[in-house]
*Asks:* 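Structure in structure tokens, see below.
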Amino acid sequence: MDLPSTSSQSTLQTIAVVGLGTMGTGIAEVLARAGREVIGIDISEAATRRATAALAAATARSVARERISEQEREAVLARLRTYTELSAAADADLVIEVVPEDYELKHRIFTELDAVVRPDTILATGTNALSVTRLAAESQRPERVLGLHFFNPAPAMKLVEVVSSVLTAPPAVEAVTALARELGKEPVSVGDRPGFVADGLLFGYLNQAAAMYESKYASREDIDAAMRLGCGLPMGPLALLDLIGVDTARTVLEAMYAASGDRLHAPAPILGHLAEAGLTGQKSGRGFYTYEEPGSAAVVRDAQTPLDGARLGEGRPVSSVGVAGSGTMASGIAQVFAQAGYEVVLAARSQEKAEAAKAAIGKSLGRAVAKGRLTQEAADQTLARISPAGSLDAFAHVDLAVEAVAEDLAVKQELFATLDKVCKPGAVLATTTSSLPVIACARATSRPQDVIGMHFFNPAPAMKLVEVVRTVLTSDDVHATVREVCTKVRKHPVDCGDRAGFIVNALLFPYLNNAIKMVEEHYASLDDIDAAMRLGGGYPMGPFELLDVVGLDVSLAIEKVLHKEFRDPGLAPSPLLEHLVAAGCLGRKTGRGFREYARR
């Protein structure tokens with residue numbers, strides 16, 4: 001058959017959108033604003049009326065904000081015509097199907113469209129979970145069928161995944177890719193597998209978060225806060241599941257698991273329980289959270305909501321803090337405590353190293369003054385509260401000792417054995433480990449009840465999150481003390497148990513590992529995966545950008561710890577990551593990781 005040429009903008013001028021729910025309505029708006037003739041089709045007359053009203057309201061807002069004129073608004077509204085019969089698509093150059101994720105329904109629509117549309121019309125499905133290849137194979141002209149996956153809300157989200165099956169003709173892909181660019185979108189070309197790139201990575205992460213909550217490892221509020229504050233994500237995973245729809249997430253994961261056999265994609269049982277109970281998230285008024293009413297995004301208090309200002313009990317008094325270490329993390333933590341008014345002893349392996357660490361804090365404070373975030377007087381007072389020391393003996397009178405030395409268990413255990421001898425009775429002993437068992441540090445002392453994890457994030461002065469890690473032996477008053485201290489230093493504490501990865505790394509690194517596997521399998525390029533997660537998932541960095549910043553050696557070490565603890569084959573580090581680390585390609589710090597960087 002002859003497929004449309006892509007030589008001019010007029011290639012795909014008349015476009016039908018089948019299914020006028022939230023996504024279909026959003027796509028129709030994008031197309032009409034871009035000058036396309038849009039045929040909106042839905043079996044429900046109420047849905048067609050809502051779509052027309054939504055476009056009228058959206059364009060009215062644009063006029064009020066002086067982004068378009070009233071005349072332009074009228075032209076946009078005139079370009080959308082709505083119908084309740086598929087026969088209305090007869091003259092379309094492209095049909096985009098966005099009905100619910102039900103294969104039989106989609107197949108029936110494609111079969112009816114085969115009998116209606118022109119031979120050169122391209123048929124696109126908006127699925128993110130069902131097989132594009134199967135839809136194509138059961139069509140009369142499989143070479144014209146492909147996937148066109150917009151993200152919600154379509155007018156705002158830049159990403160569009162263009163999905164080819166093995167049957168799709170390249171000119172069809174070129175035509176819709178050109179259209180996506182003309183719509184102001186960023187098209188990413190991918191093959192046919194459940195979830196494609198963005199949802200393929202996103203839903204595995206969401207599933208693990210649901211399983212983490214189901215196991216009562218951490219509260220829903222703490223899981224969501226940890227991922228927002230620790231990774232800079234716009235929403236926490238459980239709130240996002242409620243927004244997407246718990247039933248929708250379960251459908252996508254079922255399809256992913258059927259294709260991959262990876263246990264990380266096997267839907268967490270709680271997703272099935274919530275879906276079967278009709279607790280599907282915002283659209284039903286209740287999911288992981290409870291909402292004001294169905295369709296509302298406003299969360300209301302329920303039986304699981306923590307009480308405002310609830311105290312955990314009396315903590316121990318803390319006025320002085322010891323920080324052990326001389327690296328970036330130790331310096332940052334010392335700065336945080338000193339800025340909050342604590343007297344800080346900064347101890348390193350030598351007096352010179354401790355002095356150098358204090359000097360680094362001085363430079364950090366100077367930058368804050370230069371940017372107007374801090375007064376010179378406050379900076380001077382902060383620096384004056386820090387006393388550098390060349391030995392842990394200087395911790396004799398501190399109320400809280402925080403270690404931030406190398407991520408090596410033997411090194412940390414030796415340090416805790418020394419703290420046990422040096423620190424006064426009743427002092428709280430904290431480790432900043434991100435991957436090692438806190439209990440192993442605690443058992444190196446004669447007072448394991450006084451030991452707890454305080455996992456700060458880098459850079460400590462800027463990052464708001466602290467994971468507070470209790471062991472099975474940590475006393476209640478030590479836990480209460482650290483929670484109080486976190487609040488006083490203006491950090492957000494989240495509680496979790498002593499297991500590999502805690503909250504953030506346990507959810508972040510399997511996602512990063514799965515991104516590497518996509519590249520290993522030649523499914524998508526580094527650039528396309530990074531673009532998909534920034535534009536489709538709202539991530540501040542794509543996975544490969546982040547891996548190169550964190551360091552591939554650090555990432556591999558954390559992934560090995562996760563795999564060893566949970567023993568899930570899906571957590572086994574990617575061979576590509578291991579090869580890069582073995583080759584000394586560790587990311588930005590070596591000038592080469594997944595990408596190459598200019599040497600400074």
*Asks:* Decide side-chain hydrogen bond (donor to acceptor under 3.5 Å, both in side chains) for D477 and S475; before the verdict, give the C-alpha distance in whole Å, the side-chain angles of both, and the deciding distance to 0.1 Å.
*Replies:* CA-CA 6 Å; D477 64 336; S475 70; 2.5 Å; yes
*Asks:* Are more than 12 heavy atoms, taken from residues, nucleotides or ligands other than E520, located less than 6.0 Å from that residue's CD atom?
*Replies:* yes
*Asks:* Salt-bridged, K491 to E467, with N to O below 4.0 Å?
*Replies:* no
*Asks:* For residues A266 and Y257, report the shortest heavy-atom separation together with the two atoms involved.
*Replies:* N-CD1, 3.7 Å
*Asks:* Should the pair K421-D393 be classified as a salt bridge under the 4.0 Å nitrogen-to-oxygen rule?
*Replies:* no
*Asks:* Can you check side-chain hydrogen bond (donor to acceptor under 3.5 Å, both in side chains) on H265 and S260, steps first, answer last?
*Replies:* CA-CA 8 Å; H265 298 152; S260 71; 2.8 Å; yes
*Asks:* State whether the number of non-hydrogen atoms from other residues, nucleotides or ligands found under 6.0 Å of E521 atom CD is greater than 12.
*Replies:* yes
*Asks:* Can you tell me how far apart CG (L346) and CZ (R385) are? Round to the nearest 0.5 Å.
*Replies:* 15.0 Å
*Asks:* Apply the test side-chain hydrogen bond (donor to acceptor under 3.5 Å, both in side chains) to residues S435 and N505: give CA-CA distance (whole Å), side-chain angles for both, the deciding distance (0.1 Å), then the verdict.
*Replies:* CA-CA 8 Å; S435 59; N505 286 347; over 6 Å; no
*Asks:* Taking all non-hydrogen atoms of both residues into account, name the closest pair between I439 and D498 and its distance.
*Replies:* N-OD2, 2.9 Å
*Asks:* Only one of K358, K353, Q351 forms a side chain to side chain donor-acceptor pair (under 3.5 Å) with E355, so which one is it?
*Replies:* Q351
*Asks:* Identify whether the distance between the nearest side-chain nitrogen and carboxylate oxygen of K412 and E403 falls below 4.0 Å.
*Replies:* yes
*Asks:* Locate the shortest heavy-atom distance separating I503 from A226; write the atom from each residue and the value.
*Replies:* CG2-CB, 3.6 Å
*Asks:* Given the rule in the side chain to side chain contact (heavy atoms under 4.5 Å, CB included) test, do T433 and H455 qualify, once you have shown the distances and angles that lead to the verdict?
*Replies:* CA-CA 6 Å; T433 184; H455 180 214; over 6 Å; no
*Asks:* For atom CZ of R595, decide whether the heavy atoms of other residues, nucleotides or ligands shown that lie under 6.0 angstrom number more than 12.
*Replies:* yes
*Asks:* Can you tell me how far the CZ atom of F416 sits from the CG atom of L392, to the nearest 0.5 Å?
*Replies:* 10.5 Å
*Asks:* How far apart are the closest heavy atoms of G536 and L159, and which atoms are they?
*Replies:* CA-CD2, 3.7 Å
*Asks:* Check this for me: does any side-chain nitrogen of one of D242 and R286 sit under 4.0 Å from a carboxylate oxygen of the other?
*Replies:* no
*Asks:* Tell me, with the steps shown, if T474 and Q449 meet side-chain hydrogen bond (donor to acceptor under 3.5 Å, both in side chains).
*Replies:* CA-CA 4 Å; T474 303; Q449 72 278 3; over 6 Å; no
*Asks:* Kindly indicate whether the side chain of L508, heavy atoms from C-beta on, has any atom under 4.5 Å from the side chain of Y205.
*Replies:* no
*Asks:* Heavy atoms only: give me the nearest A440-Q413 pair and the separation to one decimal.
*Replies:* O-NE2, 3.2 Å
*Asks:* Between Y511 and Y539, what is the ring plane arrangement, given parallel below 30°, perpendicular above 60°, and tilted in between?
*Replies:* parallel
*Asks:* So, for S331 and S326, which heavy atoms are closest and what is the spacing to 0.1 Å?
*Replies:* OG-O, 4.0 Å
*Asks:* With a 4.0 Å cut-off, would you call R447 and D420 a salt bridge?
*Replies:* yes
*Asks:* Scan residues 538-553 for pairs that pass salt bridge (charged side-chain N to carboxylate O under 4.0 Å, His left out), counting only residues two or more places apart or in two chains.
*Replies:* R534-E545, D553-K589
